[in-house]
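Data first, discussion second: the structure below is written as structure tokens.
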Protein chains: 2
Amino acid sequence: MRTVTITDVAKHAGVAVSTVSYVLSGKRAISATTSQRVMRSVRALGYHPNAGARALASKRSNVIALVLPLRAGMHLPVLMQFATSVVTTARQFDHDVLLMTADEGPDGLRRVAASALVDGMVLMDVEIHDPRVPLLRELGEPSVLIGFPADASGLTCVDLDFARAGAACADHLASLGHREIALLGAPNVVYKRGTGYAERTMEGFVEAGRTHGVTTIASPCEEGFDEVCATVRDLLERHPGLSGLVVHNEAATGHVLGALRVLGRRVPEDVSVMAICPDDVAERASPPLTSVLIPAADVGYQAVRLLMAKLEGVAVPDSTLLEPRLAIRQSTRGR
Amino acid sequence: MRTVTITDVAKHAGVAVSTVSYVLSGKRAISATTSQRVMRSVRALGYHPNAGARALASKRSNVIALVLPLRAGMHLPVLMQFATSVVTTARQFDHDVLLMTADEGPDGLRRVAASALVDGMVLMDVEIHDPRVPLLRELGEPSVLIGFPADASGLTCVDLDFARAGAACADHLASLGHREIALLGAPNVVYKRGTGYAERTMEGFVEAGRTHGVTTIASPCEEGFDEVCATVRDLLERHPGLSGLVVHNEAATGHVLGALRVLGRRVPEDVSVMAICPDDVAERASPPLTSVLIPAADVGYQAVRLLMAKLEGVAVPDSTLLEPRLAIRQSTRGR
DNA sequence: AGAGGCTGTCGAAGCGCTTCGACGGTGTAT
DNA sequence: ATACACCGTCGAAGCGCTTCGACAGCCTCT
């Protein structure tokens with residue numbers, strides 16, 4: 001069973017090869033009757049254009065790269081959500097997604113760009129000082145970053161507005177009357193690395209606390225149960241007035257609740273707890289956590305949408321920040 | 001800056017285009033001197049072969065598809081581990097990975113195969129009655145499945161030997177002197193769907209228990225804390241002699257420990273607990289859990305290795321089962 | 001009635017690469 | 001010395017598609 005080519009379709013429909021191409025691409029006007037005849041042949045023969053030939057002739061592969069670094073302290077489920085929304089959105093724009101990880105290093109990007117395997121790329125989990133950024137500038141490959149590097153000029157970046165997410169938490173707790181509140185963040189290594197979103201969340205949190213005249217404490221948080229327990233105990237001992245806790249670390253979220261239980265503090269009666277995390281994590285906790293949502297699906301969608309616009313030659317904003325969304329559940333209350 | 005083509009390299013090196021091609025592919029003998037001269041030109045010009053042209057001429061895209069369904073109850077981190085090991089291994093074989101999700105449905109597979117976008121595919125999370133399986137047979141596309149469908153004849157399947165994993169847990173607990181042991185499995189929906197690995201684990205567990213003359217209980221387990229708590233409480237009430245617990249559900253692992261704490265049972269003094277999960281989850285728990293490892297990286301590696309063999313036309317075994325590995329930590333002890 | 005402008009279709013020229021057959025040149029067996 | 005084999009290299013023919021320019025036919029405007 002030889003594979004069906006455009007020539008077969010053309011013969012079957014009794015038209016020229018170029019006519020079939022134009023029907024399929026819509027790049028020139030074709031009469032309705034011809035068009036229908038061609039489409040009927042396409043279906044009858046089960047024709048699918050050969051991707052390689054198309055890419056060669058058109059200089060467009062209709063594939064975009066999704067570059068995931070996969071570092072310690074990243075929460076995988078969120079990454080997966082990004083990834084799947086990128087794939088789904090890309091398909092809506094008739095593109096496929098090539099998955100790349102960082103272990104090939106920057107050379108991977110270079111290779112993929114130079115070989116015209118992809119038309120553009122979406123880079124996830126971009127750090128403040130990301131080695132991929134200068135390379136991106138050099139390659140001139142259309143791209144969209146998820147996250148913000150230190151120097152974002154000339155790049156297209158998308159992310160949740162983490163500063164506002166941190167602030168939203170402080171706002172919510174302050175409005176409930178809490179006067180001393182803490183943020184438990186990512187593991188230390190994430191801050192050491194200079195990961196923008198973690199820092200911006202803290203800044204937003206602290207800043208908003210100051211505005212409200214509320215005492216804020218911000219602390220990194222490791223991910224083992226015992227470490228979380230120690231951190232929480234320490235926090236409560238040092239700050240007896242502490243009554244509000246924000247967890248921005250998905251692996252630790254469950255442990256924090258467990259630690260409070262062990263320490264004999266009730267949620268929300270003694271301590272209000274909120275999380276910055278996807279909804280399903282917040283809902284699965286006990287009690288369900290008031291949370292600020294990380295809109296992973298939306299970020300992925302925006303990233304692809306922007307990339308597609310760039311591929312069309314449309315100008316796009318350098319920076320796109322997505323609004324955090326507060327969902328009030330049962331883990332916070334006034335005092 | 002026009003992109004560098006093989007013609008540029010040939011001119012630069014003073015040889016024919018075909019010679020450059022043969023140097024790069026090694027498909028014909030080329031003298032050492034010529035070869036070196038060509039390679040020097042390749043580096044000097046920064047040549048990368050155009051993927052589309054290569055695919056068109058050679059009928060090989062050097063891309064494989066990775067198909068993730070993404071259903072409820074799947075544990076994402078494990079999927080990610082599979083995925084990254086597939087990508088890494090594919091790169092070792094000079095292939096890239098196209099990421100596909102199920103929302104395009106079987107047509108996605110058909111499209112990708114017919115357009116010669118990929119040379120073969122790796123399908124993850126295959127169910128007992130998987131709609132993709134008949135399609136796969138029809139397409140005749142080289143493929144490897146991770147997981148086992150009901151009828152695996154003529155297909156290449158890889159997976160952890162879950163029956164032996166379940167048995168290993170029962171063996172371990174029995175050898176420690178426990179006479180009544182329970183398996184907490186995946187959420188009910190997973191069994192309803194007919195997911196092979198979940199069922200096989202249970203069967204192996206029950207079977208091994210029988211061999212040892214130990215009472216076994218196998219129960220599905222939802223993933224919220226409160227549900228887990230209720231399940232565990234119920235289990236302990238109904239089976240007062242229960243002293244060993246196996247958790248085969250990553251989202252629930254942490255909750256089970258929390259539930260036991262709440263119920264006043266110490267681990268491992270009162271109840272021995274083990275898990276079937278990746279090492280990092282087991283190590284992060286408190287106390288660190290004796291576990292049977294899911295060798296995600298190895299499964300991904302094997303899948304790609306087998307696929308590459310098939311692409312070379314080498315015959316491969318229909319079924320590859322990976323040995324479970326028991327790691328004894330602090331959550332189990334004799335009674 | 002003729003010029004000019006649209007529309008819809010065709011033919012042909014590549015896109016950059018692989019691969020096949022051909023062919024000098026050198027080494028080995030007769 | 002002649003025949004033969006083999007090694008290393010070359011030229012050319014596609015792979016299946018897009019796209020450009022050409023052009024026939026028709027309509028509209030003067």
Side-chain angles (χ1 to χ4, degrees), chain A residues 1-39 41-42 45-63 94 111-119 311, chain B residues 1-39 41-42 45-63 94 111-117 119:
Chain A
M1 186 182 91
R2 222 183 82 278
T3 72
V4 182
T5 74
I6 198 172
T7 310
D8 301 328
V9 176
K11 279 195 189 122
H12 188 273
V15 298
V17 164
S18 49
T19 303
V20 176
S21 178
Y22 286 125
V23 168
L24 260 21
S25 71
K27 295 198 178 171
R28 281 202 186 174
I30 298 287
S31 72
T33 53
T34 307
S35 187
Q36 281 168 20
R37 197 143 37 88
V38 168
M39 289 313 290
S41 300
V42 164
L45 302 177
Y47 169 68
H48 286 269
N50 178 294
R54 198 207 269 277
L56 178 57
S58 68
K59 309 198 164 314
R60 293 281 247 101
S61 65
N62 277 32
V63 174
D94 194 32
R111 176 180 64 83
V112 154
S115 65
L117 228 190
V118 303
D119 298 334
L311 292 180
Chain B
M1 187 181 89
R2 220 182 84 279
T3 72
V4 182
T5 75
I6 198 172
T7 311
D8 300 329
V9 175
K11 281 198 186 116
H12 188 273
V15 298
V17 164
S18 48
T19 302
V20 176
S21 178
Y22 286 126
V23 168
L24 259 23
S25 71
K27 294 196 180 174
R28 280 201 188 175
I30 297 288
S31 70
T33 52
T34 307
S35 188
Q36 282 169 20
R37 197 142 39 89
V38 168
M39 289 312 292
S41 299
V42 164
L45 301 178
Y47 170 69
H48 286 269
N50 178 294
R54 197 206 268 277
L56 179 57
S58 68
K59 311 201 161 313
R60 292 280 248 104
S61 65
N62 277 31
V63 174
D94 195 31
R111 176 179 63 83
V112 153
S115 64
L117 228 191
D119 299 333

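Order of the sequence lines sets the chain letters (A, B, ...), proteins ahead of strands, with each chain counted from 1.
D:dG8 atom C1' lies 15 Å from atom CD of B:Gln36, rounded to whole Å. With rounding to whole Å, A:Ile30 atom CD1 is found 13 Å from D:dT18 atom C1'. Residue B:Ile6 contributes atom CD1, which lies 12 Å from atom C1' of C:dT19 at whole-angstrom precision. Spacing between atom CG of B:Asn50 and atom P of D:dT18 amounts to 15 Å, rounded to whole angstrom units. Remark: P of D:dC17 and CZ of A:Arg54 are 8 Å apart, rounded to the nearest angstrom. Straight-line distance from the CG atom of A:Leu56 to the P atom of D:dT19: 12 Å, rounded to whole Å. Atoms NZ (A:Lys59) and C1' (C:dC15) sit 5 Å apart, rounded to a whole Å. Separating the NZ atom of B:Lys27 from the P atom of C:dG21 is a distance of 15 Å, rounded to the nearest angstrom.
A donor and an acceptor atom, one from each side chain of B:Ser31 and B:Thr34, are located under 3.5 Å apart.
Place A:Ala53 and A:Ala32 on DNA chain C by their nearest nucleotides, and A:Ala32 ends up nearer the 5' end. Nearest-nucleotide mapping onto DNA chain D: of A:Leu24 and B:Arg37, the residue sitting toward the 5' end is B:Arg37. In terms of position along DNA chain D, the nucleotide closest to B:Ala16 lies nearer the 5' end than the nucleotide closest to the other residue of the pair B:Ala16 and A:His48.
Contact of B:Ser18 with D:dG11 (side chain to base): a donor-acceptor pair of N or O atoms is detected under 3.5 Å. Residue-to-nucleotide contacts include a donor-acceptor pair under 3.5 Å from the side chain of A:Arg28 to the base of C:dT9. For A:Tyr22 and D:dC17, a side-chain-to-base donor-acceptor distance below 3.5 Å is absent, hydrogens and geometry of angles not being considered.
Here B:Ser58 lies in heavy-atom contact (under 4.0 Å) with sugar-phosphate atoms only. Counting non-hydrogen atoms under 4.0 angstrom, A:Thr5 reaches the backbone sugars and phosphates but no base. Residue A:Val17 is in base contact, counting any heavy-atom pair closer than 4.0 Å across all strands shown.
In this structure, CG in A:Leu24 is found 9.0 Å from OG in A:Ser35, a value given to the nearest 0.5 Å.
In this structure, the side chains of A:Asn50 and B:Ser115 stay at 4.5 Å or more apart for every pair of heavy atoms. B:Val63 is not listed as a side-chain neighbour of B:Leu117, based on a closest heavy-atom distance of 4.5 Å or more.
Note on A:Ser25: every side-chain N or O is 4.0 Å or more away from OP1 and OP2 of D:dT18. Using a 4.0 Å cut-off, some side-chain N or O of B:Thr19 falls inside it from OP1 or OP2 of D:dC10. Using a 4.0 Å cut-off, no side-chain N or O of B:Ser21 falls inside it from OP1 or OP2 of C:dC17.
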